[in-house]
Amino acid sequence: MAPPHAETITPQSNYISQEDFEKRVQNGQILIIYNNKVYKLNKWIKYHPGGELAIRHMIGKDATDEINVFHPEYVFKKKINTFYIGEYEENTNLKEEKLSEQKLISQTYRRYYLKLHELGLYECNYWNYFYESIRYIFLIISAWILVIYGTQVWQYLLSAFFLGLFWHQLAFTAHDAGHNGITHNLLVDNLIGIFIADFMGGLSIGWWKRNHYVHHIVTNDPEHDPDIQHLPFFAVTTKFFNNLYSSFYKRTLYFDTPARFFVKFQHYLYYPVLCFGRFNLYALSINFLFNEENVAFRRLEISGMIFFWCWYTYLLSLLPSISTIVLYILISHMVTMILHVQITLSHFGMSTEDYGPLESFPKKMLRTTMDVDCPWWMDWFHGGLQFQAIHHLFPRVPRHNLRDCQRLVNEFCKEVGLEYHLYGFIKGNGIVLGALRDVANQAELLSKVVKSHNDKHLH
């Protein structure tokens with residue numbers, strides 16, 4: 001079934017009070033606010049390219065900033081008008097002081113959003129992708145040549161390193177495609193993402209998009225953000241001790257015996273566990289493609305993953321021994337640990353508190369995300385995505401332009417009185433390890449309390 005056809009219509013005034021709006025939401029209507037207008041998305045939600053959850057987390061809220069920064073212009077200038085049902089009348093007597101503070105932050109943020117457009121920072125320089133493509137081609141060709149013509153073990157292991165680095169680097173462009181930030185054509189960027197992620201990397205770009213869009217909306221929320229839900233191995237907050245229900249995975253994250261054991265040592269296990277992170281991504285991708293409803297390119301993605309396992313298996317078959325094959329698999333996958341560190345570095349050590357629906361989008365992004373400070377010549381290593389706070393504020397800005405946005409983000413933070421968290425790579429790792437250690441100490445204390453309680457009952 002095709003999604004509802006979206007046509008440009010002229011909204012007609014129909015005022016909806018805050019009380020009426022809240023009652024409608026309670027009665028099951030999927031309503032959001034955009035520029036003080038109310039939109040009903042019941043008929044659209046299951047066709048949303050970013051998945052249902054991205055919308056469900058915004059039900060009953062002002063989604064103006066989120067809609068602006070996550071979507072191309074045609075969505076909020078034309079398509080959204082199809083779902084318009086009235087003008088929003090806010091009860092200004094409720095929490096006026098807090099509302100005015102957050103509104104001031106949002107208004108200032110929108111001014112900087114427009115400024116970035118005026119400065120051309122939303123424009124994509126395709127020469128950057130040309131240079132990156134040369135690097136990708138060098139890495140993948142080197143990996144194959146070293147296996148085909150290699151005669152010594154070190155040559156095979158170097159090939160594994162190059163292949164892992166190929167996957168690591170390729171993930172940055174897959175990320176851009178997932179954000180529809182390369183050609184800005186949804187179909188073309190989807191196809192680019194599928195080729196890179198599925199055919200070359202064995203991972204589902206569809207799964208990544210569902211996961212990543214939710215992460216951007218509810219960043220560092222223990223109940224809702226899948227990017228910090230890693231039990232039994234990691235708990236970034238003691239809230240996970242309470243057997244939280246994950247709205248993304250639709251299951252309870254039990255703080256059971258294995259979790260209590262691993263979390264006590266998580267600051268020691270952080271790097272070793274991340275070495276095997278890519279294997280988990282394979283499992284999540286396969287589960288998504290075979291079990292999730294409304295997957296846009298299911299057959300093409302499955303074909304891509306089959307193709308990946310064919311060429312990767314063939315490459316392994318060229319190696320001289322079983323032990324070399326095992327080493328090759330381990331090294332090629334463990335190299336991608338760098339990517340998992342880069343991803344978790346920006347969030348694991350940051351706030352996981354819920355400040356409620358009144359908190360503005362930019363304040364939430366800056367509170368839950370840190371940037372990594374490094375010289376410009378290291379941008380290739382981090383893919384430009386070391387500027388995660390800036391990326392979370394302006395997710396459709398091409399990552400090659402994020403460094404140029406830094407001055408403006410600093411200005412914005414000073415103007416509205418928000419803190420911009422920027423740390424060096426080593427210090428950032430220290431912050432993450434310190435946060436994990438703090439939770440681990442709490443887990444150990446909890447275990448001692450439980451043991452003491454049980455001992456008293458036994459005696």
Side-chain angles (χ1 to χ4, degrees), residues 131-175 195-205 208 230 233-234 262 265-286 303-345 374 377-383 385-386 425-426 429 433:
Y131 299 137
E132 287 184 342
S133 296
I134 294 174
R135 188 187 312 141
Y136 302 158
I137 292 169
F138 167 78
L139 290 171
I140 190 64
I141 289 179
S142 297
W144 277 90
I145 287 176
L146 284 167
V147 168
I148 294 172
Y149 297 105
T151 57
Q152 299 181 42
V153 172
W154 71 265
Q155 294 170 324
Y156 302 134
L157 301 188
L158 182 60
S159 167
F161 175 80
F162 281 149
L163 183 58
L165 199 56
F166 170 72
W167 288 334
H168 166 263
Q169 290 287 298
L170 212 57
F172 300 131
T173 301
H175 174 275
F195 173 73
I196 293 173
D198 296 76
F199 283 77
M200 294 292 101
L203 304 177
S204 166
I205 192 69
W208 179 87
H230 300 296
F233 298 108
F234 301 128
F262 286 117
F265 304 101
Q266 62 179 358
H267 48 303
Y268 298 115
L269 296 173
Y270 176 61
Y271 299 113
V273 169
L274 292 185
C275 285
F276 300 93
R278 194 174 183 87
F279 294 104
N280 182 51
L281 301 188
Y282 291 141
L284 291 170
S285 295
I286 293 169
S303 299
M305 293 183 71
I306 291 172
F307 177 81
F308 165 79
W309 285 110
C310 285
W311 72 255
Y312 186 54
T313 303
Y314 176 72
L315 182 65
L316 294 175
S317 72
L318 299 177
L319 296 171
S321 66
I322 296 296
S323 60
T324 307
I325 290 174
V326 171
L327 278 174
Y328 194 97
I329 292 172
L330 289 175
I331 291 174
S332 61
H333 284 78
M334 290 170 73
V335 168
T336 64
M337 178 268 283
I338 302 167
L339 179 64
H340 300 299
V341 171
Q342 290 168 325
I343 292 169
T344 57
L345 186 61
C374 73
W377 47 267
M378 282 295 291
D379 283 358
W380 73 271
F381 177 72
H382 294 285
L385 289 176
Q386 71 271 30
F425 186 72
I426 294 175
N429 275 265
L433 292 174

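Starting from 1, each residue takes its place in the sequence as its number. Only a predicted model underlies this, so the values are computations on that prediction, with no experimental measurement involved.
- Once rounded to the nearest 0.5 Å, the distance linking CE of Met334 with CZ of Phe279 reads 9.0 Å.
- Interatomic distance, CG of Leu318 versus CH2 of Trp144, reported as 6.5 Å (0.5 Å rounding).
- Here the shortest heavy-atom pairing between Ser285 and Ser204 reads OG-N, 3.0 Å.
- Val273 places none of its side-chain heavy atoms less than 4.5 Å from the side chain of Gln266.
- In this structure, the side chains of Leu203 and Asp198 stay at 4.5 Å or more apart for every pair of heavy atoms.
- Annotation: side chain of His340 is in contact with side chain of Leu281 (closest heavy-atom distance under 4.5 Å).
- The 12-atom threshold is exceeded at CD1 of Ile134, counting heavy atoms of other residues, nucleotides or ligands nearer than 6.0 Å.
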Decide yes or no on side chain to side chain contact (heavy atoms under 4.5 Å, CB included) for Phe162 and Ile141, but give the supporting numbers first. CA-CA 9 Å; Phe162 281 149; Ile141 289 179; over 6 Å; no

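- When all heavy atoms are compared, the tightest approach of Val335 to Gly164 is CG1-C, 3.6 Å.
- Of all heavy-atom pairs spanning Met378 and Cys374, the tightest one is CB-SG, 4.0 Å.
- Taking NE2 of His230 as the reference point, atom CG of Asn280 lies at 8.5 Å (rounded to 0.5 Å).
- Side chain of Gln386 to backbone of Phe381: no donor-acceptor contact under 3.5 angstrom is found.
- Residues Met200 and Tyr136 form no side-chain contact, since every pair of their non-hydrogen atoms from C-beta on lies 4.5 Å or further apart.
- The aromatic rings of Phe233 and Phe262 are tilted relative to each other, their planes meeting at an angle between 30° and 60°.
- Scored by the side-chain contact (heavy atoms from CB on, under 4.5 Å) test, Leu319 finds Val147, Tyr156, Leu316, Thr324, Ile325, Tyr328 as partners (sequence neighbours excluded).
- Side-chain contact between Ile140 and Leu170 is absent, with no heavy atoms from C-beta onward closer than 4.5 Å.
- Residues His175 and Trp208 share a closest heavy-atom pair of CD2-CZ2, 3.3 Å.
- Remark: Leu157 CG to Gln155 CD distance equals 10.0 Å, nearest 0.5 Å.
- Between Tyr282 and His333, the ring-plane angle classifies as perpendicular under the 30° and 60° cut-offs.
- Side-chain contact between Phe276 and Leu330 is present, with at least one heavy-atom pair separated by less than 4.5 Å.
- Atom NE2 of His168 is separated from atom CE of Met337 by 10.5 Å, given to the nearest 0.5 angstrom.
- Shortest non-hydrogen contact noted between Phe172 and Leu385 is CD2-CD1, 3.9 Å.
- Separation of atoms CD1 (Ile145) and CG (Leu158) is listed at 12.0 Å; rounding is to 0.5 Å.
- The number of heavy-atom neighbours closer than 6.0 Å to CD1 of Ile322, taken from other residues, nucleotides and ligands shown, is 12 or below.
- The closest side-chain heavy-atom distance from Leu274 to Phe234 is below 4.5 Å.
- Between Glu132 and Gln169, the closest side-chain pair of non-hydrogen atoms is not below 4.5 Å.
- Ring geometry, Phe199 versus Phe307: the interplanar angle falls from 30° to 60°, so the pair is classed tilted.
- Contact detail for Tyr271 and Leu433: the closest heavy-atom pair is OH-CD1, 3.8 Å.
- Here side-chain hydrogen bond (donor to acceptor under 3.5 Å, both in side chains) pairs that include residues 304-316, with residues two or more places apart or in two chains, are Tyr312-Ser332.
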